[in-house]
Amino acid sequence: MLQVQASITERTPVGGCQHIQLYAPEMATRLRPGQALLVRTAPGYDPYLRRTYYPVGLSADSFVLRLLPGDDRGDAWLRVLPIGSQIDCLGPVGRSFELPSGIRRLLCLGFDDLVWSLLPLVWQATRQQIEVTLAAIASHPHTLPQPQQLPLSVEYHRFVAANRPQF
């Protein structure tokens, strides 16, 4: 596990949420789709525990975190940090998605904001010439990625449910 100071390089509003791009090449090269980061969400040790974030975008030298709207103190602190600020990150945490060799098609299913954490896998699979179908269910359409945020080759199905599905 690696601890780095990631620098905020870009901030993008997406619906009611915010995406922040963090520059940390040593962390970005280790992160794989499906792995999380533990992020300090205050300048000190309050709150003491770090927050878990799943990157919604990965590149060779940076990664993107999605901050949800709301009154959460940690998310609020991250939302107002200026460009260039350093954020303490620990990771990667957990096992990554493994694509078996010889796979030709991949079906990804997601619900609400959790769909976003599948995007790094979708991009990885399309780079490996795998046909991808992404099916997303949401209680509100604004929580789902827009088609232009996906590779052109992805078959994308969006479903809006008035009530949260019971599984």
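Computed from heavy atoms alone, side chains included, the values below leave out hydrogens, waters and symmetry copies. Here, residue 1 is the first one in the sequence, and each next residue gets the next number.
Under a 3.5 Å cut-off, the side chain of Ser85 and the backbone N or O of Leu81 do not form any donor-acceptor pair. A donor-acceptor pair under 3.5 Å is absent between the side-chain atoms of Tyr156 and the main chain of Gln148, judged by distance alone. Between the side chain of Asp112 and the main chain of Ser139, a donor-acceptor pair closer than 3.5 Å is present. Under a 3.5 Å cut-off, the side chain of Arg32 and the backbone N or O of Thr29 do form a donor-acceptor pair. The closest donor-acceptor contact from the side chain of Trp116 to the backbone of Pro55 lies at 3.5 Å or more, if one exists at all. Using a distance-only test at 3.5 Å, with no hydrogens or angles considered, no donor-acceptor pair links the side chain of Arg79 to the main chain of Cys17. In terms of modelled atom types and a separation under 3.5 Å, the side chain of Gln128 and the main chain of Ala125 share no donor-acceptor contact.
Partners of Glu131 by salt bridge (charged side-chain N to carboxylate O under 4.0 Å, His left out), not counting sequence neighbours, listed by chain and number: Arg105. When the salt bridge (charged side-chain N to carboxylate O under 4.0 Å, His left out) test is applied to Arg40, no partner is found at least two apart in sequence or on another chain. With sequence neighbours excluded, the residues satisfying side chain to side chain contact (heavy atoms under 4.5 Å, CB included) with Val4 are Leu2, Ala24, Glu26, Met27, Cys89. Taking Leu109 as the reference, Leu107, Ala135 meet the side chain to side chain contact (heavy atoms under 4.5 Å, CB included) condition, with sequence neighbours excluded.
Separating the CD atom in Gln149 from the CG atom in Leu144 is a distance of 10.0 Å, to the nearest 0.5 Å. We find the OG1-CD distance between Thr12 and Gln18 to be 8.0 Å, quoted to the nearest 0.5 Å. Separating the CD1 atom in Ile87 from the OG1 atom in Thr41 is a distance of 9.5 Å, to the nearest 0.5 Å. The CG atom of Leu118 sits 13.5 Å away from atom CZ of Phe111, with the distance rounded to the nearest 0.5 Å. The distance from atom CD1 of Ile8 to atom CD1 of Ile20, rounded to the nearest 0.5 Å, is 4.5 Å. In this structure, CD in Gln86 is found 9.5 Å from CG in Leu22, a value given to the nearest 0.5 Å.
Residues Ile103 and Leu106 come closest through the heavy atom pair CD1-CD1, 4.3 Å. Scanning all heavy atoms of the two residues, the minimum distance from Leu38 to Arg50 falls at O-NH1, 3.4 Å. The shortest non-hydrogen separation linking Leu58 to Pro33 is CD1-N, 3.9 Å. Scanning both residues, Ser117 and Phe97, for their nearest heavy atoms gives O-CE1, 4.4 Å.
Leu121 and Leu31 are assigned to two separate hydrophobic clusters, defined by single-linkage of ILVMFWY side chains at heavy-atom distances under 4.5 Å. In the hydrophobic clustering of ILVMFWY residues, with side-chain heavy atoms under 4.5 Å counting as a link, Val154 and Leu119 come out together. Tyr54 and Leu37 fall into different hydrophobic clusters, defined by Ile, Leu, Val, Met, Phe, Trp and Tyr side-chain heavy atoms under 4.5 Å apart, directly or through other members. Linking ILVMFWY residues whenever their side-chain heavy atoms come closer than 4.5 Å, directly or via other members, places Leu134 and Ile130 in the same cluster.
Other members of a hydrophobic cluster containing Val80 are absent, since no ILVMFWY side chain comes under 4.5 Å of it, directly or through relayed contacts.
Between Cys108 and Thr133, the closest side-chain pair of non-hydrogen atoms is not below 4.5 Å. Using a 4.5 Å heavy-atom cutoff, the side chains of Pro147 and Arg158 are in contact.
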Listed pairs under 3.5 Å, donor-acceptor, residues 60-75 side chains, sequence neighbours left out:
unit_1, atom_1, unit_2, atom_2, d
Asp61, OD1, Ser59, OG, 3.4
Ser62, OG, Gln21, NE2, 2.9
Ser62, OG, Ser59, OG, 2.9
Arg66, NE, Asp113, OD1, 3.0
Arg66, NH1, His19, NE2, 2.8
Arg66, NH2, Asp113, OD1, 2.8
Asp72, OD1, Arg51, NH1, 3.3
Asp72, OD2, Arg51, NH1, 2.5
Asp72, OD2, Gly74, N, 3.1
Asp72, OD2, Asp75, N, 2.8
Arg73, NH2, Asp46, OD1, 3.4
Asp75, OD1, Tyr53, OH, 2.4

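Checking Gln35 against Arg95 by side-chain atom types alone, no donor-acceptor pair falls below 3.5 Å.
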